[in-house]
Chemist: 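My questions all concern the structure below.
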Amino acid sequence: MLELNQLRNNREGIVKSLNKRRFAQAKELIDQIIQLDDDRKSTQSKNDELLAESNQISKQIGALMKEGKKEEAEKIKIRSAALKAESKVLSESLVSIEEELKQILYKIPNTPNDSVPDGATSEDNEVVYEHGSTPQLAPDAVPHWDLIKKYDIIDFDLGNKVTGAGFPFYKGKGARLQRALVNFFLDEAIKAGYVEVQPPIMINEESGYGTGQLPDKDGQMYHVTEENYFLIPTAEVPITNMYRDVILESKELPVKHVGFTPCFRREAGSWGAHVRGLNRLHQFDKVELVQIHHPDNSYKALKEMCEYVQGLLEKLGLQYRVLNLCGGDLGFTAAQTFDMEVFSAAQQKWLEVSSVSNFETFQANRLKLRYRGEDKKMHLLHTLNGSALALPRIVASILENNQTPDGIKMPEVIVPYTGFDMIS
RNA sequence: AGAGGAGUGGCAGAGCGGUCGAAUGCACUGGUCUUGAAAACCAGCGUACCGCGAGGUACCGGGGGUUCGAAUCCCUCCUCCUCUGCCA
């Protein structure tokens, strides 16, 4: 959620910035917001005056009652009743103005950072870095959905039977490979100074609003209606919400957490022929990084997180590239996002395996996540997060890129974790 | 899940219909004293909104109600504790 002050003071700049993400209604919505906020202020002022008078009268009544002047007290009670009726009207309208204001604020996405490239679709994302070269595979190399059948390590049919599409079983060395990668990712993050957390994988509605999944992505999360809980689409949600309604001391910054969780996504409307095998699932595992920073440091942290994720990909020996997402492809809550894509040699296609974002104050504003500045005043913090890494597509590219006539060779760094160096 | 008890400022803990945004202690910040520190003493010490300011308004787990007036009474939800039941 953008800050009201910013909308008032930097209206033109924000409209221009939102233009970069092709958000056409910016001007109109901001005008509505400013109008509503003006209404809110004047309504509150009037109401406060009424309440102030009412409080005065109540005190007088108290004093009169004490002195035993019942008659006089009764007399001014009449005035008090009138004030109360008037104030009730104003209070109700204040509540509805605030609600309307909030609803409009919820509709406005975050403003892209200046270094976000202009552009409308994923076609316009800027490739800022490339690493590695495409492995030379044998002519009979096959995509991972064939490999997992051949070696019987991941079973979609079983998942279909037991749950439904997009909920595969990992079996034998497939399960061990996945667990090995999770442990490798967690250990690396801990070495890099992240504090591990194991969060709940269901969240309440408030948390959904806190990080911005609600109301924007309502319908993309699995909803447990009995309790009004949601299955998390990413560990970002519970981990960042640890800091909802929190005031941090400067000396507590930065906050760095890593968490491993399954992630659940309904992916409503996004299914198609191009998402075979592990490319898109309803349930998948992910190790997620979350950082909270002083506003001055967040972009430096964003850079460091990207470099950290790149380091993981390099250790796994995967060819990858880094994209600076263009305005039109940016997620609702992000001010800037770098996507890491690995090249899947058998599919001849780039697969997104990590998304590292700075949300600036967008989430913090909803979360009320603040720190006390040098000026002794409260300020919003910056939140960031990134996948490090999402498992299925990493597994897919390891399987595809490392296939040999004798089996699938494991990257060296994870052999201590898997306990085997070959799936055959 | 049932019965009982409880939720107050960073923490502990008073208040149980008016003068309470809330005693007191601890913690914290500034000052005095001291070579320095400790101790002692003095002062300060929640958040949000409105207002140029003086100041005003709201908030005592959340929401609603009674009342001229609610931290205090009533309803409801949530959380925690104790006992009983169930169970990884």
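Chain letters run A, B, ... following the sequence lines, proteins first and then strands; every chain starts at 1.
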Chemist: For U47(B) and R370(A) - does any side-chain N or O of the residue sit under 4.0 Å from the phosphate oxygens OP1/OP2?
Modeler: no
Chemist: Establish, for the pair K173(A) and F420(A), whether the NZ or CZ atom is under 6.0 angstrom from the six-membered ring centre and no further than 45 degrees off its axis.
Modeler: yes
Chemist: Select one nucleotide: of G18(B), U67(B), U57(B), the one nearest the side-chain heavy atoms of K84(A).
Modeler: U67(B)
Chemist: If you look at every strand shown and take non-hydrogen atoms under 4.0 Å, does N55(A) touch a base, only sugar-phosphate, or nothing?
Modeler: sugar-phosphate
Chemist: Have E3(A) and T361(A) got a donor and an acceptor in their side chains that come within less than 3.5 Å?
Modeler: yes
Chemist: Which nucleotide in the set U57(B), A48(B), C49(B) lies at the smallest distance from any side-chain heavy atom of Q44(A)?
Modeler: C49(B)
Chemist: I want to confirm an ordering. Mapping I247(A) and K77(A) to their closest nucleotides on RNA chain B, which one lands closer to the 5' end?
Modeler: I247(A)
Chemist: So S80(A), base contact, sugar-phosphate only, or nothing? Heavy-atom distance under 4.0 Å.
Modeler: sugar-phosphate
Chemist: Nearest to the M378(A) side chain among G51(B), U47(B), U67(B), which nucleotide is it?
Modeler: U47(B)
Chemist: Is the number of heavy atoms from other residues, nucleotides or ligands within 6.0 Å of CZ (F23(A)) greater than 12?
Modeler: yes
Chemist: Given atom CG of L90(A) and atom P of U57(B), what is their separation to the nearest angstrom?
Modeler: 15 Å
Chemist: Quote, to the nearest angstrom, the C1' distance that separates C60(B) from G17(B).
Modeler: 15 Å
Chemist: Of the nucleotides G56(B), A58(B), C68(B), which has the atom closest to the A52(A) side chain?
Modeler: G56(B)
Chemist: For G46(B), take OP1 and OP2 only and decide whether either is under 4.0 Å from a side-chain N or O of R372(A).
Modeler: no
Chemist: Phosphate oxygens OP1/OP2 of C50(B): is one of them under 4.0 Å from a side-chain N or O of R40(A)?
Modeler: yes
Chemist: Within the 4.0 Å heavy-atom criterion, would you say I57(A) contacts the bases, only the backbone, or no part of the nucleic acid?
Modeler: nothing
Chemist: What I'd like to find out is whether the side chain of Y194(A) reaches to under 4.5 Å of the side chain of H257(A), using heavy atoms alone.
Modeler: no
